[in-house]
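Supplied in C-alpha cells, the structure appears directly below.
When reading the values below, keep in mind they use all heavy atoms of this one structure, side chains included, and skip hydrogens, waters and symmetry mates. On a predicted model such as this, the values are computed, not experimentally measured, just so you know. Naming: A, B, ... by sequence-line order, numbering from 1 per chain.
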Protein chains: 2
Amino acid sequence: MNIGEIARRAGVSRSTVSYAISGKRTVSEATRRRIQHVIDELDYRPNANARALKEGRTRTIGLVIPPASRRLTDMQLDFVAAVVDAAAHADLDVLLSPSGGDHDRSFERVVTGRRVDGVILMEIRLEDARVGRLQQAGLPFVGIGRTSHPDGMWWVDIDYTALIAKCVNHLADLGHRHVALINRSAELVAAGYGPAHRALAGFKEAIRRRGITGVDYCCADDSAAGEACLQQILREHPEVTAAATINEAALPGIQRALESAGLTVPGDFSVTGVAASHWAENFRPQLTAADVPALDMGAHAVSLLTECISDPDAAPKHLLLTPPISLRGSTGPARR
Amino acid sequence: MNIGEIARRAGVSRSTVSYAISGKRTVSEATRRRIQHVIDELDYRPNANARALKEGRTRTIGLVIPPASRRLTDMQLDFVAAVVDAAAHADLDVLLSPSGGDHDRSFERVVTGRRVDGVILMEIRLEDARVGRLQQAGLPFVGIGRTSHPDGMWWVDIDYTALIAKCVNHLADLGHRHVALINRSAELVAAGYGPAHRALAGFKEAIRRRGITGVDYCCADDSAAGEACLQQILREHPEVTAAATINEAALPGIQRALESAGLTVPGDFSVTGVAASHWAENFRPQLTAADVPALDMGAHAVSLLTECISDPDAAPKHLLLTPPISLRGSTGPARR
DNA sequence: TTGTAGGCGTTATCAT
DNA sequence: ATGATAACGCCTACAA
C-alpha cells in the first residue's frame with residue numbers, strides 16, 4: 001500500500017496525493033475529498049522510512065540507557081518514562097539503546113545508522129567516551145547528567161554538590177556533629193559516575209565549612225546493601241547521629257537497619273538526602289529530601305534536544321537544577 | 001557521507017562498495033582493502049533507513065508500553081528491560097511507544113508507519129482494541145499477556161489463575177479458613193485487565209474447592225493503598241488470617257499495616273502471592289511467592305516475535321508459565 | 001572481478 | 001490545480 005496505489009485509485013498523480021496529505025500546496029476540495037476517501041478506505045499511512053530518507057530527518061530520537069542487566073534505579077526509570085512521554089507529546093518516536101561500556105553495537109547503530117535525529121544520553125560519567133563519539137559523529141545530543149568538562153555539550157543535571165551540602169547544613173543546624181554520607185556503589189565511583197563524585201565533593205566541603213566530622217560510605221543500589229551499610233556505620237562510627245544519601249534504593253534497608261538497632265527516626269537518628277519523591281514518601285517517617293524532578297528533567301531534555309536539532313550550531317544550553325529540600329519527618333535535633 | 005562518496009574515493013562503483021560490505025559477492029582482496037580503508041577513514045556506516053526501504057524490513061521491533069503517567073510497576077519495568085536486552089542481543093533495535101487507550105498517535109505511527117517489523121504488546125486487556133488493530137494491519141506481534149480469546153494471537157503469559165489457586169491451597173493446607181485476595185486497582189479491574197480477573201477467578205475457585213471463606217479487595221498500585229487496604233480488611237474481616245496478592249507495589253504498605261496492627265508475620269498473619277523476586281525478597285520475613293520470571297518472559301517474547309516475523313503464516317504459539325512458588329518465611333500455620 | 005541501471009516510497013521542483 | 005520527474009541512499013539482477 002503505497003502512495004502510487006492511492007494515486008492510481010483516486011485517478012490523480014502521486015504528487016497530488018502527497019500534497020493532499022501534507023497540505024503544502026492547494027488541492028481542489030473535490031480531489032482532496034476523493035483522495036481522502038481512498039486513503040480511509042485502504043487505511044493508508046505514508047512509509048516513515050521513505051519519508052525519512054527523502055526529508056533527511058527521522059522524527060525519532062535515540063535514548064541511551066544503562067543495560068538492563070544492571071537493574072535500573074527508580075530515578076533512571078523516571079527519566080526514561082519522562083523522556084518517552086515528552087517525546088510522544090512532541091510526536092517524536094524513541095529508539096532505545098541499552099549501552100553500558102564504551103563500545104556497543106546497539107549504541108553504534110544509533111549513532112551511525114542515521115536512524116535518529118538526536119540522542120539523549122543517560123548515566124554520563126565524568127569521562128565518557130560516548131560523549132566524544134557523539135560529538136565526532138556530529139549527532140545532536142543532550143545529556144541527562146554531564147561530564148567533568150561539560151561546557152561543549154547540552155545537558156540537564158541536578159546539582160548534587162549543592163544539594164548534599166544543603167543536607168549537611170540542615171543537619172548541622174539541627175545540632176548534628178557527626179554525619180555520614182551513604183553514596184552510590186563503589187563500582188560507580190570507580191567508573192567516575194558524576195553524581196557520586198559530586199555528592200562526595202559537596203559533602204566534604206560542607207563538613208569542612210561547618211566544622212563537623214563526616215564519614216562517607218559506598219553502598220550498592222539495593223536495600224540489602226543499605227541495611228549492611230548502615231549497620232557498618234553504626235558499628236564503626238557509633239558517634240554518627242545522622243546520614244545523608246543519594247542512594248534511594250538503599251533506603252528500605254537503611255530503615256530496617258535503624259529499626260533492628262532500636263533507633264527511632266528522627267529521635268535517635270536523622271536521615272536525609274536526594275531521592276525521587278516516591279521513595280521519600282515511602283520512608284517512615286517520610287524522608288526530608290530534595291525531590292529529584294525527574295519528569296521535568298526528561299521533558300527539558302527533550303525540549304533542549306529539539307532545539308539543538310533544529311539549530312546544531314547554537315551555543316550549548318545547560319540546565320542545572322537545585323530542587324528545594326522538602327521538609328518531612330525524618331530529620332530532627334541531634335540526640336545528646 | 002553515502003556509498004557513492006565511498007565509491008568515488010575508492011575509485012570503484014557503488015555496487016562494488018556495497019558488495020565489499022555485505023560480502024554477497026566476491027571482491028578482489030586489493031579493492032576490498034582499498035574500500036575498507038576509505039570506509040575507516042571517513043567512518044562510514046550505511047544509512048539504516050535507506051537499507052530498510054530497499055530490503056523491506058527494518059530490523060526494529062516496537063514495544064508498546066503503558067504511558068508513563070501511570071507509573072510503571074516493577075514487573076512491567078522488568079519486562080521492558082528484558083525485551084530491550086533480548087532485542088539488543090539479537091541486533092534488533094527497539095522503538096518505544098507509550099500508549100494507553102485504544103487510540104493514540106504514537107501507537108498508530110508504530111502500527112502503520114512501517115517502521116518496525118513486529119510489535120511486542122504489554123498490558124493487554126481481556127478485550128483489547130490494539131490487538132484487533134495489529135491483526136487488521138497484518139503486523140506480526142506478540143503479547144506479554146493475552147486477551148480473553150487468545151487463540152489467534154502469539155503470546156507469553158503467566159497463569160495467574162493457577163498461581164493464586166496454588167497460594168490459596170498452600171494457605172488452606174496451613175489451616176487458614178479465612179483468607180483475603182488483595183487484587184490490583186479497581187480501575188484495572190473495570191478496564192478488563194487480564195491478570196486481575198484471572199487471579200480473582202482462581203481465588204474464588206480455590207476457595208470453593210477448599211470450602212473456606214474468602215474476601216477480595218481491589219487496591220491501587222502503591223504502598224499507601226496497600227496499607228489502607230490491609231487495615232480495611234482487618235477492620236471489616238477480623239477473622240481473616242492470611243492474604244494472597246498480585247499487587248507487589250502494595251507490599252510495603254501491607255507490611256506497615258501489619259506492623260502497626262501489632263501482627264507478626266507469619267505468626268499472626270500469613271502473606272503470599274505473585275511478585276517479582278525483588279519485591280518478595282524485600283518483604284520481612286521474605287515473601288513466600290511465585291516469582292514472575294520477567295526476564296525469561298521478555299526474552300521469550302522477543303524470540304517468538306522473530307519467529308513470527310520470519311513466518312507470519314505459522315500457527316500462533318503460546319507460552320503459559322506457572323513458575324513455582326518459592327517457599328520463604330511469610331506463611332505459616334493459622335493462628336488459633 | 002567489476003560496472004550499469006532500476007527500484008524501494010516519498011517529497012519537491014519543475015512544467016503545464 | 002495538477003502531472004511528470006528527479007532525487008534521497010541503498011541493494012541487487014543483469015551485463016560485461
Side-chain angles (χ1 to χ4, degrees), chain A residues 1-39 42-60 91 93 109 111-117 137-139, chain B residues 1-36 38-39 42-60 93 109 111-117 137-139:
Chain A
M1 199 56 45
N2 58 31
I3 203 172
E5 179 69 12
I6 305 296
R8 208 180 53 71
R9 299 209 189 199
V12 295
S13 73
R14 292 177 315 183
S15 51
T16 302
V17 176
S18 177
Y19 285 118
I21 292 173
S22 69
K24 290 187 182 173
R25 99 177 171 192
T26 51
V27 174
S28 79
E29 183 55 21
T31 57
R32 202 201 58 70
R33 277 227 301 276
R34 201 165 68 247
I35 290 170
Q36 190 57 50
H37 186 256
V38 178
I39 287 179
L42 300 190
D43 195 26
Y44 162 80
R45 295 289 182 292
N47 181 313
N49 273 319
R51 173 179 283 177
L53 182 58
K54 176 63 182 155
E55 293 196 329
R57 63 176 191 158
T58 61
R59 296 166 198 276
T60 304
D91 278 338
D93 287 323
R109 277 202 306 273
V111 173
T112 60
R114 262 85 121 249
R115 295 167 68 39
V116 299
D117 299 331
L139 193 60
Chain B
M1 201 52 45
N2 57 34
I3 203 172
E5 180 67 14
I6 305 295
R8 208 180 52 71
R9 298 207 189 198
V12 295
S13 76
R14 293 180 324 194
S15 57
T16 303
V17 176
S18 177
Y19 285 120
I21 292 172
S22 71
K24 289 190 180 173
R25 97 178 174 191
T26 51
V27 174
S28 80
E29 184 56 21
T31 57
R32 202 200 59 71
R33 277 226 301 276
R34 201 166 66 249
I35 290 169
Q36 189 58 49
V38 177
I39 286 177
L42 300 191
D43 194 26
Y44 163 80
R45 295 288 182 293
N47 180 313
N49 272 319
R51 176 179 280 176
L53 184 59
K54 174 64 182 164
E55 293 196 332
R57 60 169 195 168
T58 60
R59 295 167 196 277
T60 304
D93 287 323
R109 279 203 304 273
V111 173
T112 58
R114 263 83 122 249
R115 292 165 77 30
V116 299
D117 298 332
L139 192 61

Under 3.5 Å, is there a donor-acceptor pair between the side chain of B:D117 and the main chain of B:R59?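 Flag set: sc B:D117 to bb B:R59 pair under 3.5 Å.
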To the nearest Å, how far apart are A:E55 CD and D:dA6 C1'?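 Atom CD in A:E55 sits about 16 Å away from atom C1' in D:dA6.
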I want to verify a distance call: between C:dT4, C:dA12, C:dT10, whose nearest atom is closest to the B:S15 side chain?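 Of the options given, the side chain of B:S15 lies nearest C:dT4.
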Between P of D:dC8 and CG of B:N49, the distance in whole Å: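 It works out to 15 Å between those atoms.
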Let me know the distance between CZ of B:R8 and P of D:dG9, rounded to the nearest Å.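 From B:R8 CZ to D:dG9 P: 14 Å.
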Is the backbone N or O of B:A20 less than 3.5 Å from a side-chain atom of B:R32, with the two atoms forming a donor-acceptor pair by type?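 Such a contact is absent between B:R32 side chain and B:A20 backbone.
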Let me know the distance between CD of B:E5 and P of D:dA7, rounded to the nearest Å.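 Those two atoms, CD and P, are 17 Å apart.
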Classify the side chain of A:T16 and the base of D:dA1 as holding, or not holding, a donor-acceptor pair under 3.5 Å.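 Per atom types, no contact qualifies.
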Going through the checks in order, is the salt bridge (charged side-chain N to carboxylate O under 4.0 Å, His left out) test met by A:D93 and B:R115? CA-CA 10 Å; A:D93 287 323; B:R115 292 165 77 30; 3.2 Å; yes
Atom-pair distance (CD1 on B:I21; P on D:dT12), nearest Å: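 To the nearest whole Å, that distance equals 12 Å.
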For residues A:N49 and B:A52, report the shortest heavy-atom separation together with the two atoms involved.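 So the two residues come closest at ND2-CB, 3.7 Å.
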Looking at every non-hydrogen atom in both residues, tell me the closest pair between A:P46 and A:R51 and how far apart they are.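 Here A:P46 and A:R51 meet closest at CG-NH2, 3.3 Å.
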Atom CD1 of A:I3 to atom C1' of D:dT5: distance rounded to whole Å?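 Those two atoms, CD1 and C1', are 14 Å apart.
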Hey, which of these two, B:G11 or B:A50, hits DNA chain C nearer its 5' end, going by closest nucleotide?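 Counting from the 5' end, the first nearest nucleotide belongs to B:G11.
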Could you state the CZ-P distance from B:R14 to D:dC11, rounded to the nearest angstrom?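 So the CZ-P distance, B:R14 to D:dC11, works out to 11 Å.
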Return the minimal non-hydrogen interatomic distance between A:R114 and B:R45, and the atom names on each side.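 Result for this residue pair: NH1-O, 2.9 Å.
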Do A:T112 and A:L139 have side-chain heavy atoms sitting under 4.5 Å apart?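 No - every pair of side-chain heavy atoms lies 4.5 Å or more apart.
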Per the end-axis method with five pairs at each terminus, what is the bend angle of the helix from C:dT1-D:dA16 to C:dT16-D:dA1, to 10°?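 For the helix from C:dT1-D:dA16 to C:dT16-D:dA1, the axes at opposite ends meet at about 50°.
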Which of these nucleotides, D:dA4, C:dA5, C:dG9, is closest to any side-chain atom of A:K54?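 Of D:dA4, C:dA5, C:dG9, C:dG9 is nearest to the side chain of A:K54.
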Please report the shortest heavy-atom distance between A:L42 and A:M1, naming the atom on each side.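 So the minimum-distance heavy-atom pair works out to CD1-SD, 3.4 Å.
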Looking just at side-chain N and O atoms, do A:S15 and A:S18 make a donor-acceptor pair shorter than 3.5 Å?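 Side chains of A:S15 and A:S18: no pair found under 3.5 Å.
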Taking atom CZ of A:R25 as the centre, does the number of heavy atoms from other residues, nucleotides or ligands within less than 6.0 Å exceed 12?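 Yes, because the 6.0 Å sphere around CZ of A:R25 holds more than 12 heavy atoms from other groups.
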Kindly say if B:N47 contacts the phosphate of D:dG9, meaning a side-chain N or O under 4.0 Å from OP1 or OP2.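 Answer is no, no contact under 4.0 Å.
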Both A:L53 and B:S22 contact DNA chain D. Taking the nearest nucleotide for each, which residue is further toward the 5' end?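 Final value for this comparison: A:L53.
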Residue-phosphate contact under 4.0 Å: A:Y19 side-chain N/O, C:dT10 OP1/OP2: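 For A:Y19, the contact criterion (side-chain N or O under 4.0 Å from OP1 or OP2 of C:dT10) is not met.
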Closest listed nucleotide, where the reference is the side chain of A:R51 and the choices are C:dT11, C:dG3, D:dC11: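 Closest nucleotide to the A:R51 side chain: C:dT11.
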Check the phosphate of C:dT11 against A:S18, side-chain N and O only, distance under 4.0 Å to OP1 or OP2. Yes or no?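 Yes, A:S18 has a side-chain N/O under 4.0 Å of OP1/OP2 on C:dT11.
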Which ones in residues 24-35 of chain A lie close to DNA chain D, meaning a heavy atom under 4.0 Å from one of its atoms?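 Contacting residues: A:R25, A:T26, A:V27, A:S28, A:T31.
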